[in-house]
*Asks:* 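Dumping the structure here so I can ask a few things about it.
Both backbone and side-chain heavy atoms feed into the values below; hydrogens, waters and symmetry mates do not. Here is the naming used below: chain letters follow the sequence lines, and residue numbers restart at 1 for every chain. Treat the numbers as computed from the prediction; the structure is a model and nothing was measured.
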2 protein chains.
Amino acid sequence: MSGAKKSSGRSSADEAATRKRGRSLAALGYIQPQTYEELRAVLSSGTVHFPKRLRQVAIFLWQHPSDVALGTIAQVAAQAGVQPSTLVRFAQIFGYSGFSDFQGLFKEHVKGSWPEGRGEPRADAEPNAATHFLHGMVGASQASLGRIEAGFDVESFEKMVATLAAADLIYVIGSKRAFPVTAYLSLTLSQQGVRNVLVDNVGSSALDQVGCIGGSDAVLAVSFSPYNSITPDLVAVAHERKARIVTITDSTFSPLIRLSDSWLEVVESDFAGFRSLAASLAVGMALVQGVAAKRGT
Amino acid sequence: MSGAKKSSGRSSADEAATRKRGRSLAALGYIQPQTYEELRAVLSSGTVHFPKRLRQVAIFLWQHPSDVALGTIAQVAAQAGVQPSTLVRFAQIFGYSGFSDFQGLFKEHVKGSWPEGRGEPRADAEPNAATHFLHGMVGASQASLGRIEAGFDVESFEKMVATLAAADLIYVIGSKRAFPVTAYLSLTLSQQGVRNVLVDNVGSSALDQVGCIGGSDAVLAVSFSPYNSITPDLVAVAHERKARIVTITDSTFSPLIRLSDSWLEVVESDFAGFRSLAASLAVGMALVQGVAAKRGT
DNA sequence: AGAAAATTGGAAATCCTGTTCGAAAGTGGT
DNA sequence: ACCACTTTCGAACAGGATTTCCAATTTTCT
């Protein structure tokens, strides 16, 4: 609290910056974002209105996080079309002492998104019922994720991407446990500009929906054992109507396989009967990204 | 990255470095690696035998490319356990004028394999682009999972379980990215014999649904940034009707927090703009299990 | 074992980067 | 149109980062 003016002390520098400029967000009740995700949340919330140059900065940060993480302030400023000092001001508005601190957020994020970048989980056995189950669930998820990386059929995957990219319209089908996966697939496909229909069976209209499938359409089916939902029936109809069919399922015994042009096996672990979906979602996202990339070109 | 700003004679500086030290690889017939892949190829070929410290450097570069790209020379040296000057020497052996030039390789590589936000996912000439993305997605999932295990608010969690277990009827609310999570929550709750309503907004009936919430009911809300969906509106209505509200969200900026009796922060990583749901699902399953256990007794 | 060569550690010197500050330009209200 | 206030620009400054250099140490060859 001793008001040293330009001491190099980090924390006191923050306070000094806040005190000096009455308009910092901290003064308005906001707190300093501690992670990249929080920063994105603030930027996207639309609650902050920036003047022209600062908005320009915000947009650039949003669109080119890796350039911000890797570059020097001069390079970033040049790419964003502003002065270096503008970047410093931007960082200070959010309560940071300067650009360097602020850039740390981006570095953390890029490092975190980089496969090699993370450490191994350490084993602290905490005797607590809640954390014990969470730990088990996390373990099941990580086991599932590890398994797909270990053995992944790239050939099938690329065939699936090609099939879906060539399709006129994509029908996404999955019930029960698979439904959360198909819901996310449908959402991300739409966000990537890929037209698709989520067959959710609202109003029991699923059979009628698939009755409209044409030969130039494709079905993306997700199904897990036990295979007693309506998914096999729906896919059978699509198959009769000559649609291309790609499947994500969890064993070679799935009735969908003989109907499918290509398929991937994704085995999910469970803990105390609660099954993970982590691997299926990861594979699903990869599919969506692949299709979007292929469509884009 | 156009670092064309440095000192005047870049190319002549290279030659000078080469001429001065008789043992540079260039003098031995090797050429200066122009890309990160070339560097990796040279390192892995095993044709070069380094003394102890330099080998240490090579191993570190191999295992932690993102740290090399993001850090300063001092940070990298500390992590690798060598002196900064050793890194400079290493770079010069490969024909670079110094560490900065050499680091450029790593920066290029990291930036190149980071498909920029909303931008066009450029189809790299990388043959295994599919597996690279899958790898990244798995990494994002694992990062998310690791994060919740690292810092998990057990107190809030148990308060949430207690609230939900005491409720007459549980309303599960979430839109867009959060919907897959709520769909799975609703399914597993039902499978555990816990009565619940999934507010899916089919037929735009969500507002009317939450209009029926009573004081003995509870809301389980899931919401991620940007918070521009109808979820905050729905939860606000439930709050007015005196329902207990528990929330899973991804930052302290979420508008749901001030409406909630208890809440958990679950930060999900993303890769190339595709966000993982692994952590939210794991936490959700833990919640369901906790509620079911408490109801059962 | 001894000497020469290679390698390493550490501090000094230099270059560059990030930050600060005052003036200029822009904006909005009276 | 004028004034007060905010925002932006650009140059000067300070501090940090990279590089260089030399002595100390280890290795290798005779």
*Asks:* I need the CG-P distance between A/Leu87 and C/dT17, as an integer number of Å.
*Replies:*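 Interatomic distance, CG of A/Leu87 to P of C/dT17: 14 Å.
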*Asks:* I need the CZ-P distance between A/Phe102 and C/dT19, as an integer number of Å.
*Replies:* 12 Å
*Asks:* For residues B/Thr231 and B/Ser229, is any side-chain donor paired with an opposing acceptor at under 3.5 Å?
*Replies:*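 Yes - a donor-acceptor pair under 3.5 Å links their side chains.
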*Asks:* Roughly, in whole Å, what's the span from OH in A/Tyr96 to P in C/dT19?
*Replies:*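 Atom OH in A/Tyr96 sits about 13 Å away from atom P in C/dT19.
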*Asks:* Contact class for B/Leu54 (heavy atom, under 4.0 Å): base, sugar-phosphate, or nothing?
*Replies:*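 Answer is sugar-phosphate: B/Leu54 comes under 4.0 Å of backbone atoms only.
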*Asks:* Provide, to the nearest angstrom, the distance between the CG atom belonging to A/Asp101 and the C1' atom belonging to C/dT17.
*Replies:* 15 Å
*Asks:* Of the nucleotides D/dT20, D/dT18, C/dT20, which has the atom closest to the B/Gln92 side chain?
*Replies:*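 The answer is D/dT20, which lies nearest to the side chain.
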*Asks:* The side chain of B/Thr72 lies closest to which of these nucleotides: C/dG18, D/dA17, D/dT20?
*Replies:* D/dA17
*Asks:* Are B/Phe274 and B/Phe133 near enough that their ring centres are under 6.0 Å apart?
*Replies:*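 Ring-ring flag for B/Phe274/B/Phe133: true, centres closer than 6.0 Å.
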*Asks:* Tell me whether the side-chain N/O atoms of A/Ser100 come closer than 4.0 Å to OP1 or OP2 in C/dT19.
*Replies:*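 Indeed, a polar side-chain atom of A/Ser100 lies that close.
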*Asks:* Whole Å only: how far is the CD1 atom of B/Ile93 from the C1' atom of D/dT20?
*Replies:*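 Atom CD1 in B/Ile93 sits about 16 Å away from atom C1' in D/dT20.
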*Asks:* Students often mix this up, so state it plainly: with edges at 30° and 60°, are the rings of A/Tyr36 and A/Phe106 parallel, tilted or perpendicular?
*Replies:* perpendicular
*Asks:* Has A/Arg89 got a side-chain N or O lying under 4.0 Å from the OP1 or OP2 atom of D/dT8?
*Replies:* yes
*Asks:* So, do B/Leu264 and B/Phe157 sit near enough that their side-chain heavy atoms are less than 4.5 Å apart?
*Replies:* yes
*Asks:* B/Ile73 side chain: which of C/dT19, D/dT8, D/dT19 is closest?
*Replies:* D/dT19
*Asks:* Return the value, rounded to whole Å, for the distance between atom CD of A/Gln56 and atom P of D/dC9.
*Replies:*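 From A/Gln56 CD to D/dC9 P: 8 Å.
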*Asks:* What's the closest nucleotide to the B/Ser85 side chain, out of D/dT20, D/dT8, C/dG18?
*Replies:*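 Nearest to the side chain of B/Ser85 among the choices is D/dT20.
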*Asks:* Can you identify which nucleotide, out of D/dC9, C/dG18, D/dT20, has its nearest atom closest to the A/Gln83 side chain?
*Replies:*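 Among the listed nucleotides, the one closest to the side chain of A/Gln83 is D/dC9.
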*Asks:* When you check the side-chain N and O atoms of B/His64 and B/Gln79, is any donor under 3.5 Å from an acceptor?
*Replies:* no
*Asks:* Could you check which of D/dA17, D/dT19, C/dT19 has an atom nearest any side-chain atom of A/Pro84?
*Replies:*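 Nearest listed nucleotide: C/dT19.
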